[in-house]
Amino acid sequence: MMHQTILSGSPTVSDDRDVHLRLDGLTKTYGNSVAVSALDLSVPKGELVALLGPSGCGKTTTLRMVAGLIQPTGGRIVVGSNDITAMPTYRRDMGLVFQSYALFPHMTVAKNVAFGLEMRSVPKAEIERRVKEALAMVRLEALAERKPRELSGGQQQRVALARALVIRPSILLLDEPLSNLDAKLRDEMRNEIRDIQQSLGITAVFVTHDQVEALSMCDKVVVMRAGKLEQVGTPIDVYEHPATPFVASFVGRTNRLEGRARGDGTVDVGPMSVRVPGRPGGNVEIMVRPHRIRLLDADAAQGASGEGTNLLSGRLTRVTFVGDLLQYQVDVGGTEIVVEAASDHGRGIRSVGSPVALAWRVEDTMVFGRSA
Amino acid sequence: MTAITASAPPAAPRLALGRTGTAIALLLPIALINAIGFILPVLNLLRMSFNEALAGGGVRETVTFENWTGLFGDSFYVELILNSITVSLSITLATLVVSYPIALYLHRSTGRWRTFLTVLVISPLLTSAVVRTYGWIALLADQGPIVSGIAALGFAPPRLMFNTTGVIIGLTEILMPYMILSLLAGFGRLDPRVEEAAMSLGAPPIKTFWRVILPLTVPGIALGCLLCFVLAVSSFITPKLLGGGRVFLLATEIYDQAIVTLNWPLAATLSMLVLIIFGAALAVYARILRAID
Amino acid sequence: MEADNTSVPMKILVALLFIFLLAPVILVVPLSFSGEQILSFPPESWSLRWYAALADNPKMISAFWTSLLLGAIVTAISLAVAIPAAYVIVRMRTLGSSFLYNLFTAPLLLPTIVLGLAILIVFASIGFLGTFPGLIIGHLVITLPYALRVLATTLGNLNLACEEAASTLGARPITVFRRVTLPMMAPGIVAATALCFLVSFDEVVITLFLTGPRLTTLPVELFHHVESRADPLVASVSVLLILLTLAVVMIVDRSVGLSKTFVK
Amino acid sequence: MTMMKRRTALLGISALAFAASMPAFAQEKTVTLAAYSGIFQDHYTKAVVEPFMKAHPDIKVQFYGMPNSAQMLGTLRAQKASPQIDVMIMDVSVAKAATDEGLFDKVDESVSKHVADLYPAARAEGVGGVGVTFDNLVLLYNEDQVKTAPTSWNALWDKQYAGKVAIPAVPDIQGTTLTIIANKMAGEEDYKKTVEPGIKKLGELAPNVQTWDPRPDVYTPIANGQAALGIGWNARAQVYSDAAGSKLGVALPEEGSGFQINTINLVKNSPANDAAKTFIDYALSPEAQAAFTEAMFYAPTNSKAQEKISKEALARTAAGSMDDMIGIDWIAVAGIRDAITEQWRRRVIPLSR
């Protein structure tokens, strides 16, 4: 397992021996607009990789190019040692699970699952056995003779998964498979997909705009923006060591401050001075995650002060109760900073307007260079 | 910032350029039928309107504007054209008046009742115009139930058949389903809550109708009127059977010139005239739609 | 449910207008049981003689079979031609497909009297008048646009992902079309079939220009009959036709829903 | 591939069905006869066509009824490239026009030996066909509404019957005949010189007219009272007036009437030419002529038919009233027919609106 920070610009993550799917400078343009721009990516065998990014970032286009549903404008797609860039979809041997499930409405569940096997001219008896197996895997044996429209969203989702897996594809592709499910079902399916993927040891690419899905399920997260790679890394890397301000703000919530670094490990943000790791210089952007900040009473602040801690004082402007969390908005010399704390039976809620102090460890401060 | 793609990139062409040949092959049959049965005949018709008609149904290939100048220089044809337009407009107006209440009622109905009424509206459409005209012949005859009924009430029995009145009655009924369906299509904007809002603001039903309902249904009215006008101008079965040989309309004249007199250049010219009237109606329609927006 | 915010006078008005709309169609039912020699309503005596007369009228019967056969052939060709055309036009957007769509549906915009005359003049010169192939082409000119319109709409509303799913599962394009696209188009195909058949079966204006002494369709024969005789025979034919139409409508309604087909 | 196969199969089925439907038309032995529809069709089928088919089991005659001669000519012209009609029974003046356009073959002794026996009037110069029936125009009236039988065409102009007159307008030949009669009533004997007085007189008739296009024919509306007066052909009027309970009265006005000749013609390049000739030969035979006269009161054109016809029937035909006929040169009328039609459409019919 690699836990080191992967710097942007060197996205290859593992030994080439293990690489199962490789994208080389993959590009897709529509007229003047660039959907995917010179994308390089390697996916090791057996890993579940998430393509994460806001809508329109090119992640679905990338997935569809891998599936052969969109012809790339440039670059190569390599599976194992085969260049499949020009290969038609139906010969690529990839299982694709669609956001809309795309079940064949005129076929029963069993027929849907059997379709890919029929296309491969698998003997009838074997089709029957494997369909049963696949449906058992997603716990839908009882519904084999139903039509898709008679199933719930979660059941349809599992049929789509069984249909994609029954052909034993070399690579499983999932296009926002959970976005049409409600929150509770989404959690369940997340674990189910992860379990199945691991037990089969199948290489999988998972497209999502939901950072929780990406972080919780995947071996590796590929953050994309405007058709380009921002960062590739393990979930922890991406969260803890975002390579760019975009990654930092897209993956998890963050406070974002602009300032000027003195080159001595401190940054001036307005009238305040904030200590940061290392000794950057010039214009910088500072980010601190809300839950890393402690909110203290103004008079208790003195005790919290220390070498490795940033301490600022401000005024509480708003308190929001969101169930498991309390969100505080604090005005620090004209800058809004958000602080999150676990709520404890609603106890200890401070009143708006009271003077407070904010404290966080210097190592929790993320610094990014900023062009003037 | 330009590098950020739109949220929905244009969908990819489903067939690669290499399959253009397949596409052309698949389109060939429809293109062929369209060419033989539509483009060629219509172009030929346009050409025909500049040919010279010879006695006995002959046609001389030439380029003459005599058919056109003759048409507008002849009071008989000028009157026929004006009469066609007036009669078609009357039919359109009559159809609108009798269709509007049905459409409004249908729009307000829901569920099975609405389905049932819709089937009632559509069913005449599935019955041949010949059959429906035949029904009107039985109904409008001098001894028929309508004339006798009016006479029984002590009025002078009117003449409802073999004249323009008969043609208007028959065609109004025949075009009703088209009008009702068009009105319904255009009623999409009419939310019942708007009426309720108007009433809650103190508008009595009549005022609500004039100030709220009618303006909102103008698109449907325009569409229905366009369709009915065009169908009326080109209708021919009903005027032929109910007109008593005295209702001269463009469509019946085209048929007579084409089949009986065999003056094809004149028939072609009259047809082109129908298309011109059609184009004018479309222009008026587009204007109305623009005016509403 | 019945609209409840409608006043009683309005309801009466609507009922009267419905009677006006349906009168001629309903009227042919009692007329067909007339015992009279000539068309009159109400008839003074009742009988089945006009049904017997119909059974005895070989011209009417042969015109009926001609119409039926013509309708079946025209419908079959319309589907065979319009399905691939709709597929290419909807799925392939690089060839100016909206232009093609408009061109191929343009015959619907033309008044049938003009279209009929135009076809007459061309067909007369190539000896296509009064022939079966001539009739087929004449009818195709108007059924194809209907078929194309219905099928293209159906295809445009299909979930493209299903076809993509099939191809990722290993189906070749032709298999995708046959196993997935075509079955999913079924409601549109049923609607197009019914529409093409009814349009062809009822077409009278264009057909009037194209039929001849040796070949007549039922609507044209009915027109000629109404033109030259005033007996209740047409009523008995009409009743049978209405029953036939009802059967077709019921089949369509069962399979796809009537309003979907005819109300857009 | 499968799709292609299916489509091919579909086309195959269509072609098969198409082929199956053709023999009935393709067979050389079917003669298509175009003539007047309605009552003419009924009686001619019974009196001539059916006995012919019985005598010639190998030939089938298909009767194609049309409302008037003008439409028959139109159909014939449109089909010039590939005729589908073999034999056409139509008015002599229209037949003249058709002959001039080269649409008919000559019917002479080589077609039928009976041609030699025809009355001279049946063998008009410049007409391809020969006369098959003689008839004349009569005044029709409804016996309930017109109590005393009218004796003059002037009854049509009687304001008493406003909106109750049924006139089959031109291009129907009955309208043409009425023009010539009206012309004479207005004082102009020579219709070849001008029909202006006749057109003027018809303009005065127009307001009285209920319909210019009586349906299904002119006799029915008068018989059932929809109209009170009208003009029609004697033969058909006689048949209608014989029908049980008919209120149709037939009068031959004192001013005299127009004589009319229907000719039987052989269509040039028709598909069943030989069988058509066989049929024409039969139609001109004394037997067929006599049978049709008995059935429908058309005067025969074959001089040898007379002896086979009952006196009573013959008296009711045009042959019974030859002395009252205005001499009409139908061949000359053929030349002014279109002009008369135009005058009606512009100056007569519009006055009735």
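Only heavy atoms go into these numbers, but all of them, side chains included; no hydrogens, no water, no symmetry mates. Keep in mind it's a predicted model, so treat the numbers as computed, not measured. Below, read A as the first sequence line, B as the second, and so on, with proteins coming before strands; counting in each chain starts at 1.
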* Asked: Taking C-beta and beyond as the side chain, do A:M119 and C:R172 meet within less than 4.5 Å on heavy atoms?
  ->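 Heavy-atom side-chain distance check fails, nothing below 4.5 Å.
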* **Summary of salt bridge (charged side-chain N to carboxylate O under 4.0 Å, His left out) pairs that have at least one residue in residues 193-209 of chain A, sequence neighbours excluded** =>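 Pairs touching residues 193-209 of chain A that pass the test: A:R194-A:D219.
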* Asked: Taking atom CD of A:Q198 as the centre, does the number of heavy atoms from other residues, nucleotides or ligands within less than 6.0 Å exceed 12?
  ->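 Yes, enclosed.
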* What's the spacing between C:T168 OG1 and A:I167 CD1 if we round to 0.5 Å? ->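 That separation rounds to 6.5 Å.
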* When you measure from the side chain of A:R120 to the backbone N and O of C:L169, does any donor-acceptor pair fall under 3.5 Å? ->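 A pair under 3.5 Å: yes.
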* Which of residues 93-112 of chain A get closer than 4.5 angstrom to chain C, counting heavy atoms alone? ->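 Contacts with chain C: A:M94, A:L96, A:F98, A:S100, A:A102, A:L103, A:F104, A:P105, A:H106, A:M107.
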* Region of C:T175 in contact with chain A, defined by heavy-atom distances below 4.5 Å ->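 Just the side chain, heavy atoms under 4.5 Å.
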* **Partner chain C: residue of A:R91, A:E118, A:R92 with the largest heavy-atom pair count (under 4.5 Å)** =>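 Most pairs with chain C among the choices: A:E118.
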* Return the minimal non-hydrogen interatomic distance between C:A171 and A:F115, and the atom names on each side. =>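 Closest heavy-atom pair between C:A171 and A:F115: CB-CE2, 3.8 Å.
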